[in-house]
Amino acid sequence: MIAGRYTLEREIGRGGMGAVWLGQDEVLGREVALKRVGFGPGNDDLDLDRAEREARLAARLNHPHVVAVYDLVTEGADRWLVMEHVAGTTLAELVRRDGALTPDQAAPLLRQAADALAAAHAAGIVHRDVKPSNILVTPDGQVKLSDFGIARAQADASLTQTGLVTGSPAYLAPEVASGQQATAASDVWSLGATTFHALAGRPPYDVGENLLGALYRIVHEEPPRLGPAAGWLAPMLLATMAQEGEDRWSMADVRDFLAGGPSAPLPAPLPRAVPIGVPAVAAADASSTQVMSTAVPPVPAPAPTPPPTRRRSAALPLVVLGVVGVVVVVIAWILGSDDDPGSEADPQTTPSTSAPASSPPPSTESAVTADGMENFIEDYLATVTTDPKSSWTMLTPDFQDASGGFGQYKKFWGGYQTADLISADPDPDAMTISYTVEYLHNDGSKSRDDVTLQLQGTDGNFLIAGES
């Protein structure tokens with residue numbers, strides 16, 4: 001019994017701030033969720049401050065799409081945050097389980113999250129950690145936004161004096177990744193990055209173990225684009241994941257666009273990334289990389305890319321100089337929450353997140369052999385029908401997009417029991433392999449197909465880059 005009132009039943013989750021339990025409020029006779037905070041050496045003060053902040057700020061938001069906070073109680077050495085229990089799953093788990101969503105599936109969920117965030121912004125509150133695992137979805141499609149633990153009221157400077165980067169790396173806005181203070185526009189970016197995850201089945205940035213490299217890409221490069229998979233949400237992705245905060249829509253604009261559906265008028269102004277006279281959906285297919293001047297610090301950088309299409313502010317290199325120093329003090333819970341591989345605590349098993357952020361070029365130093373290529377295809381075909389999540393990571397990100405996302409991929413391979421390699425004709429010089437495969441369908445029938453795949457990489461490290 002907690003505080004003489006709450007009975008713990010079972011642990012239902014665990015994140016950066018501690019364990020979450022399902023419990024019973026014995027006084028009011030209702031289910032509640034209790035988050036244990038301040039548990040663990042060295043974390044007490046920070047976690048307790050976050051718990052009190054979450055309780056105080058969430059209490060200011062009486063909104064149907066915000067998880068209600070009922071109480072903050074002490075039991076012995078432990079502090080417990082008592083919240084509304086939401087039966088369902090997170091958007092992160094929904095995508096992990098079912099694959100990428102279509103624009104029509106994602107829009108109603110994101111609209112509700114945008115509605116909650118618009119209300120928070122109107123109340124002067126910036127969430128600062130918008131991500132798929134903080135969007136709870138009930139079985140009937142109702143959404144609740146959770147975890148205001150690092151949220152900040154405009155008049156509350158407690159988190160701006162610490163010099164910490166706060167948030168989940170894969171969803172951080174460029175200005176926050178470079179050490180600046182989060183604003184309402186930063187939440188808009190994070191909801192855009194969450195939209196990208198929902199539609200692609202993976203985060204927009206592959207953080208892995210290279211946090212510095214991910215922050216470098218967020219700050220330096222033009223944002224990634226989804227192309228056709230974005231569908232009618234392409235203008236929203238352009239207008240939320242815009243490099244400059246002033247180019248982004250307001251959260252209310254995002255909410256209204258999502259509520260309006262495919263025929264919704266576009267709020268003004270359009271992002272400057274959309275060339276005049278080019279439809280926003282068509283512009284979403286293009287992705288350019290912006291390279292900073294040589295004044296930037298020695299942060300790990302991706303391979304050389306084409307010259308920038310638009311000059312950045314001369315002040316940005318000075319901001320970026322702070323990235324290395326800021327990242328040194330990135331708080332531990334950033335790498336211990338729950339959505340983004342290498343950056344959050346609950347392991348992300350979304351299939352494509354283990355794929356590299358860019359397709360590796362064929363190596364001239366490692367061997368590419370016919371046997372190695374054939375062994376790779378044998379392994380791939382043995383995996384597609386038994387573990388499509390693993391086989392999905394054997395495709396380059398570009399080919400994943402061209403395949404229509406993980407949902408389509410999983411649906412296709414779900415129609416087969418086995419896929420057996422009959423014969424193969426690898427061509428190491430051309431990096432192609434042509435083969436005949438025999439499928440055993442779910443109804444017991446068999447069929448054969450001739451396939452040619454374009455590979456990238458070397459023996460033991462191939463990825464499928466295309467099909468012809």
Side-chain angles (χ1 to χ4, degrees), residues 91-92 94-111 113-114 131-132 135 137 170-171 189-206 217 221-242 254 257-258 261-264 266 271 273-274 278-289 339-341 348-359 384 388-389 391-414 454 463-467:
L91 180 59
L94 186 68
V95 173
R96 181 184 305 147
R97 183 190 69 201
D98 298 338
L101 305 182
T102 67
D104 288 343
Q105 290 171 330
L109 307 180
L110 297 166
R111 179 200 61 75
K131 59 185 180 181
I135 296 176
V137 184
Y171 310 95
W189 168 286
S190 297
L191 187 64
T194 296
T195 302
F196 186 108
H197 186 147
L199 298 177
R202 58 181 170 85
Y205 296 94
D206 181 15
R217 293 193 301 275
E221 298 181 3
E222 287 296 322
R225 299 301 178 198
L226 271 181
W232 65 272
L233 296 183
M236 174 199 159
L237 282 172
L238 283 171
T240 52
M241 295 185 71
V254 174
F257 175 78
L258 291 168
S263 60
L266 299 181
V274 182
V278 178
V281 173
D285 294 338
S287 177
S288 59
T289 301
D339 274 333
D340 177 31
Q348 169 65 293
T349 56
T350 302
S352 63
T353 58
S354 59
S358 59
S359 304
V384 286
K389 287 185 177 181
S391 63
W392 177 252
T393 67
M394 300 164 80
L395 279 57
T396 65
D398 286 344
F399 192 44
Q400 288 176 345
D401 289 342
S403 300
F406 179 68
Q408 284 293 112
Y409 179 87
K410 179 182 177 183
K411 181 178 180 181
F412 173 82
W413 287 111
Q454 182 74 46
L463 291 174
I464 300 171
E467 180 178 357

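Side-chain atoms are counted along with the backbone in the values below, which use heavy atoms only and exclude waters and symmetry mates. Just so you know, residue 1 is the first one in the sequence shown, and it goes up from there.
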Quick one, Leu237 and Thr195 - any side-chain contact, counting heavy atoms below 4.5 Å?
yes

Ring centres of Trp232 and Phe257 under 6.0 Å apart?
yes

Going from CG on Leu110 to CD on Gln105, what distance comes out if it is rounded to the nearest 0.5 angstrom?
11.5 Å

Of all heavy-atom pairs linking Ala100 and Leu199, the shortest is CB-O, 3.2 Å

Between Gln400 and Phe406, is there a donor-acceptor pair closer than 3.5 Å when you use the side chain of the first and the backbone of the second?
no

Please tell me if the side chains of Tyr409 and Ser391 come closer than 4.5 Å, counting only heavy atoms from C-beta onward.
yes

Non-hydrogen atoms of Pro224 and Pro204 that approach each other most closely
CG-O, 3.6 Å

Nearest heavy-atom pair of Gly192 and Thr240: which atoms, and what distance?
CA-OG1, 3.2 Å

Without swapping roles, check the side chain of Arg225 against the backbone of Ala234 for a donor-acceptor pair under 3.5 Å.
no

Minimum side-chain heavy-atom gap Trp392-Lys410 below 4.5 Å:
no

Residue pair Pro103 / Gly231: nearest heavy atoms and the distance that separates them
CG-CA, 4.1 Å

Indicate the atoms forming the closest heavy-atom contact of Asp104 with Pro262, along with that distance.
OD1-CG, 4.4 Å

What distance separates Thr194 OG1 from Leu109 CG, expressed to the nearest 0.5 Å?
12.0 Å

Just how far is it from atom OH of Tyr205 to atom CZ of Arg217, taken to the nearest 0.5 Å?
8.0 Å

Is the shortest side-chain heavy-atom distance between Ser403 and Leu395 below 4.5 Å?
yes

Nearest 0.5 Å please: distance from the CD atom of Glu467 over to the CD atom of Gln454.
12.0 Å

Determine the minimum heavy-atom distance between Ala193 and Tyr171, stating which atoms define it.
CB-CD2, 3.8 Å

What's the spacing between Leu266 CG and Leu238 CG if we round to 0.5 Å?
10.0 Å

The reported gap from CZ in Arg202 to CG in Asp401 (rounded to nearest 0.5 angstrom) is 5.0 Å

Report yes if the side chains of Pro223 and Phe196 come closer than 4.5 Å at any heavy-atom pair, otherwise no.
no

Please check if the side chain of Lys389 supplies one atom and the backbone of Arg96 the other of a donor-acceptor pair under 3.5 Å.
yes

